[in-house]
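Order of the sequence lines fixes the chain letters, A, B, ..., with proteins taken first and strands second; residue numbering starts at 1 for each chain.
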Number of protein chains: 2
Amino acid sequence: MEQSPIKKSSVTVADVARAAGVSKATAARVLGSYGTVSDAVRAKVSEAAAALGYRPNELARSMTTGRSGTIGVVVGDIENPFFSSAVRGIADVARLAGFTVILTNSGEDIAAEKAAIRTLLAKRVDGLIVSAASTSDFEHLLEIPDSGCPLVLLDRAISGIEVDTVTTDDRAAAEQATDILIRKGHRTMAYITACDTPDHRLHTLNDLQTGSVRQRVEGFVAVCADAGIAAPLEMVHLGANGREKCAKIALELLQSPQKPSAIIASDSLIALEVFKAVQQLGLSIPKDVSLIAFHDADWTAVTSPPITVIGQPVYLLGETVASLLIERINGAELQARRIVLPTELIERKSVDAPIEVVSSRPAR
Amino acid sequence: MEQSPIKKSSVTVADVARAAGVSKATAARVLGSYGTVSDAVRAKVSEAAAALGYRPNELARSMTTGRSGTIGVVVGDIENPFFSSAVRGIADVARLAGFTVILTNSGEDIAAEKAAIRTLLAKRVDGLIVSAASTSDFEHLLEIPDSGCPLVLLDRAISGIEVDTVTTDDRAAAEQATDILIRKGHRTMAYITACDTPDHRLHTLNDLQTGSVRQRVEGFVAVCADAGIAAPLEMVHLGANGREKCAKIALELLQSPQKPSAIIASDSLIALEVFKAVQQLGLSIPKDVSLIAFHDADWTAVTSPPITVIGQPVYLLGETVASLLIERINGAELQARRIVLPTELIERKSVDAPIEVVSSRPAR
DNA sequence: TTGAAAGCGATACCAT
DNA sequence: ATGGTATCGCTTTCAA
């Protein structure tokens, strides 16, 4: 009496081999498509496998081959369109190369990031892509290549760690944006970011733990300084993570006595909250306040006015980071590569001269 | 002469056991935290493990325990904010329960979906969440529970398959939206969806392969029929997948002699293209055309005018589907549950009466 | 509490 | 071309 093909415990190579009347080794050869087998045997085994409903156990295979066919990805927040787009790029390249993606959200929390990496390493991913939450706390990242697992950094470089890194030219982009604003006559600006410090104030550039933001603020500050604007660091506003906090910051800023005449939003989520706040207060862009946002989110083109943005090749960023990683997995032994993708300032209608130019020249 | 702790091939329980001077079994007990060990031994082993830089091999563990601690997720497109939000919900619940998520994009392609599922099953995921591309081609889905792997359907129910399913009340939502439009006096409407058929035309409701869309169109058609509107099926427009195709459809529709006075967009991506098309043609919402969109994407509140939408609890959808799956993984043996989450019509400013009401009443 | 040994499901090396 | 068998790293009886 034959067993029904639907049995709980799975069918193994041994089962198939028995059914086909060959050795385990031979059955394994055809099922795993390696080695050499005669056509006759191949047919017999395939048939038996189909009849029994054989499904390979990739875990067992991974254990002996040492490759899991999996790459781990750690990002801050998959809900952020920036990351979803990058992840899509990663996933597409990975799939084409025969890899599968394990995705984890760190929520930009360093402890969560560490835990995620530990888990991923335990699952023996063939490689790891991480968008690091901190530029200073990265010992756990160093352990990755040490344990023999290739690592590629996404969007955020870390100077103390020699691995492939793919970023966009954040500094140049920020300089360009700031420059445009200053040329228009802006002197009081605000750079809003989700980054934060314990006391929510920015004392030095070293307080900025997100690599990309650090670069941008450096650019912002440098251009401001060149223009003779005092204390540019004080124009950087931290802690805009999550809708509420973000809205609160935007609202306070726009109602403050030192209301900036222009705002640079460090991502599209922040830009959206700024936009909402402006509407809510009955102000208008760019008359009352100019706005430039990082990330050319799809909706930024349809608002009134459409928003001037720094377009980043996000999908490409994902594709590139995945490609580099896969090269490493396949054994490429080269120096660490640092790829910087260009951005593009897309001028729309959210920037204009400030209403009252507070110039340093004597009035009248 | 001791080996450096940084050796290529990984440190195993056996290595730790040797270093700690205990048996492999004992070392495994403390490293895997199971069984009973004396405190003294535990300390010794832990110490040795730390010194050697031991990292557990989850693959090996999975092979003997039969659990991989992983759940597979198959969605159409992670870049679509609908799915990113749902995936975030899934990932959060999964992480709390100690599971990790393998994410795959099907691109709504049935072959890709099948391949993904095969791979996931081979990797021995503990459970599977899929947003099925087709309501009719689902034999491959049936094999999932047959092979002993719990399956939960996300957002799209399939009548022929008895598994847990979490959806939103698409039909009711569509009825409500359609009703609002008709009450305002609209008779010529357009329902735009990414769904498609070989000839891009909708002959019968059965042509609709996406579960959720099928429900919505049923609602749309039913309410239209109730209102005495002829041939509502012809008001359903297919193939709006991808920016270009989507834009093309919107543009054609808005310039056609039978220009609809109202449009229902089946997701936020479509709504955006419609919005762009309207702007591009110099038309205005809601004067020239009314618009209602499925999915309360964040930006829909800030456009001019803000868009009336059908808010879906997407993150909750993800959380729920993950919770159900995990219950099953933990052995829950109940009948298939079909959970339908409520939606909420959020009225903003994109709906108004049509300019010229083509009524069936005699003119004047 | 601890240890010895038998799997788990594949691959891989060595014969034949 | 095929078969026998050790092996991967861990868990899990079963004894001691």
Side-chain angles (χ1 to χ4, degrees), chain A residues 7-46 48-49 52-70 119 121-126 147-149, chain B residues 7-46 48-49 52-69 119 121-126 147-148:
Chain A
K7 43 179 292 190
K8 198 92 169 242
S9 59
S10 55
V11 181
T12 73
V13 262
D15 298 326
V16 176
R18 200 174 310 124
V22 299
S23 78
K24 215 174 63 168
T26 302
R29 279 190 264 261
V30 4
L31 296 175
S33 23
Y34 60 89
T36 58
V37 217
S38 71
D39 289 347
V41 171
R42 182 189 315 286
K44 247 196 329 192
V45 174
S46 304
L52 295 177
Y54 168 78
R55 286 186 175 285
N57 184 330
E58 193 65 41
L59 292 178
R61 182 174 295 169
S62 299
M63 215 170 72
T64 71
T65 60
R67 308 185 103 220
S68 64
T70 299
T119 304
L121 249 23
K123 289 200 189 297
R124 292 299 191 264
V125 291
D126 291 333
S147 77
C149 174
Chain B
K7 41 179 289 189
K8 195 95 171 238
S9 58
S10 54
V11 181
T12 73
V13 261
D15 298 326
V16 176
R18 199 174 311 122
V22 299
S23 77
K24 214 175 63 170
T26 301
R29 280 191 262 262
V30 5
L31 296 175
S33 27
Y34 59 89
T36 59
V37 218
S38 70
D39 289 346
V41 171
R42 181 188 316 287
K44 246 194 331 192
V45 173
S46 304
L52 295 178
Y54 169 78
R55 286 187 176 285
N57 184 329
E58 192 65 42
L59 292 178
R61 183 174 295 167
S62 298
M63 220 173 67
T64 70
T65 61
R67 308 185 103 220
S68 65
T119 304
L121 250 22
K123 290 201 188 297
R124 292 301 191 263
V125 292
D126 292 333
S147 77

K.L.:
With rounding to the nearest 0.5 Å, note down the distance linking CZ in A:R42 to CZ in A:R29.
P.N.:
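Output value for this atom pair is 11.0 Å.
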K.L.:
Using whole Å, what does the distance between atom P of nucleotide D:dA1 and atom NZ of A:K44 come to?
P.N.:
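Whole-Å distance recorded here is 15 Å.
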K.L.:
Hey, does the side-chain of B:R124 have a donor or acceptor N/O within less than 3.5 Å of a partner on the base of C:dG9?
P.N.:
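No.
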K.L.:
Considering only heavy atoms from C-beta outward, does the side chain of A:T70 approach that of A:K123 to under 4.5 Å?
P.N.:
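When only atoms from C-beta onward are counted, A:K123 and A:T70 do not touch, as no gap falls below 4.5 Å.
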K.L.:
What is the distance, to the nearest angstrom, from the CG atom on A:N57 to the P atom on C:dG9?
P.N.:
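Interatomic distance, CG of A:N57 to P of C:dG9: 7 Å.
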K.L.:
Pick the nucleotide of DNA chain D nearest each of B:T65 and A:K24; which residue has the one closer to the 5' end?
P.N.:
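Its nearest nucleotide lies further toward 5', so the answer is A:K24.
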K.L.:
So which nucleotide from D:dT2, C:dT1, D:dG9 ends up closest to the side chain of B:V13?
P.N.:
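Among the listed nucleotides, the one closest to the side chain of B:V13 is D:dG9.
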K.L.:
Distance check needed: D:dG9 P versus B:D15 CG, whole Å only.
P.N.:
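Between P of D:dG9 and CG of B:D15: 8 Å.
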K.L.:
Rounded to whole angstrom units, what separation is found between the CG atom of B:L52 and the P atom of D:dG9?
P.N.:
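In whole Å, D:dG9 P and B:L52 CG are 14 Å from each other.
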K.L.:
Nearest whole angstrom, please: distance from the P of D:dG4 to the CZ of A:R18.
P.N.:
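Answer to the nearest Å: 13 Å.
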K.L.:
Does the side chain of B:Y34 get closer than 4.0 angstrom to OP1 or OP2 of C:dT1 through an N or O atom?
P.N.:
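False: B:Y34 side-chain N/O out of range (4.0 Å or more) of C:dT1 OP1/OP2.
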K.L.:
Output the rounded distance in Å from NZ (A:K123) to P (D:dC10).
P.N.:
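So the NZ-P distance, A:K123 to D:dC10, works out to 14 Å.
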K.L.:
Which heavy atom of A:V13 sits nearest a heavy atom of A:Y54, and at what distance?
P.N.:
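Shortest heavy-atom contact: N-CE1, 3.7 Å.
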K.L.:
Which nucleotide sits closest to the side chain of B:Y54: D:dT2, D:dC10, C:dT11?
P.N.:
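Closest nucleotide among those given: D:dC10.
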K.L.:
What's the shortest heavy-atom distance between A:S147 and A:L121, and which atoms?
P.N.:
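Here A:S147 and A:L121 meet closest at OG-CG, 4.1 Å.
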K.L.:
Could you tell me which non-hydrogen atom of A:S10 sits nearest to which non-hydrogen atom of B:R124, and how far apart they are?
P.N.:
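Of all heavy-atom pairs spanning A:S10 and B:R124, the closest is OG-NH2, 3.6 Å.
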K.L.:
Of A:R42 and B:A60, whose nearest nucleotide on DNA chain D comes first from the 5' end?
P.N.:
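Comparing both residues, the 5'-ward one is A:R42.
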K.L.:
If only side-chain N and O atoms of A:T64 are considered, is one of them under 4.0 Å from the OP1 or OP2 phosphate oxygen of C:dA12?
P.N.:
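Result: no.
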K.L.:
When you get a sec, tell me which of D:dT11, C:dT1, D:dT2 is the closest nucleotide to the side chain of B:S38?
P.N.:
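Of the candidates, C:dT1 comes closest.
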K.L.:
Among D:dG4, C:dA4, D:dG9, which nucleotide has an atom closest to any side-chain atom of B:T12?
P.N.:
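The answer is D:dG9.
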K.L.:
What's B:T36 touching, base or sugar-phosphate or nothing? Going by heavy atoms closer than 4.0 Å.
P.N.:
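B:T36: base contact, heavy atoms under 4.0 Å.
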K.L.:
Quick check: on DNA chain C, is the nucleotide nearest B:S23 upstream (toward 5') of the one nearest A:L59, or the reverse? Name the residue that is more 5'.
P.N.:
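Its nearest nucleotide lies further toward 5', so the answer is B:S23.
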K.L.:
Where the side chain of B:R29 is concerned, which of D:dT13, C:dA10, D:dG9 is the nearest nucleotide?
P.N.:
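Looking only at heavy atoms from C-beta outward on B:R29, the closest nucleotide is D:dT13.
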K.L.:
Tell me the interatomic distance from B:R61, atom CZ, to D:dT11, atom C1', rounded to whole angstroms.
P.N.:
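It works out to 9 Å between those atoms.
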K.L.:
Whole Å only: how far is the CG atom of A:L31 from the P atom of C:dA12?
P.N.:
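It is 14 Å, rounded to the nearest whole Å.
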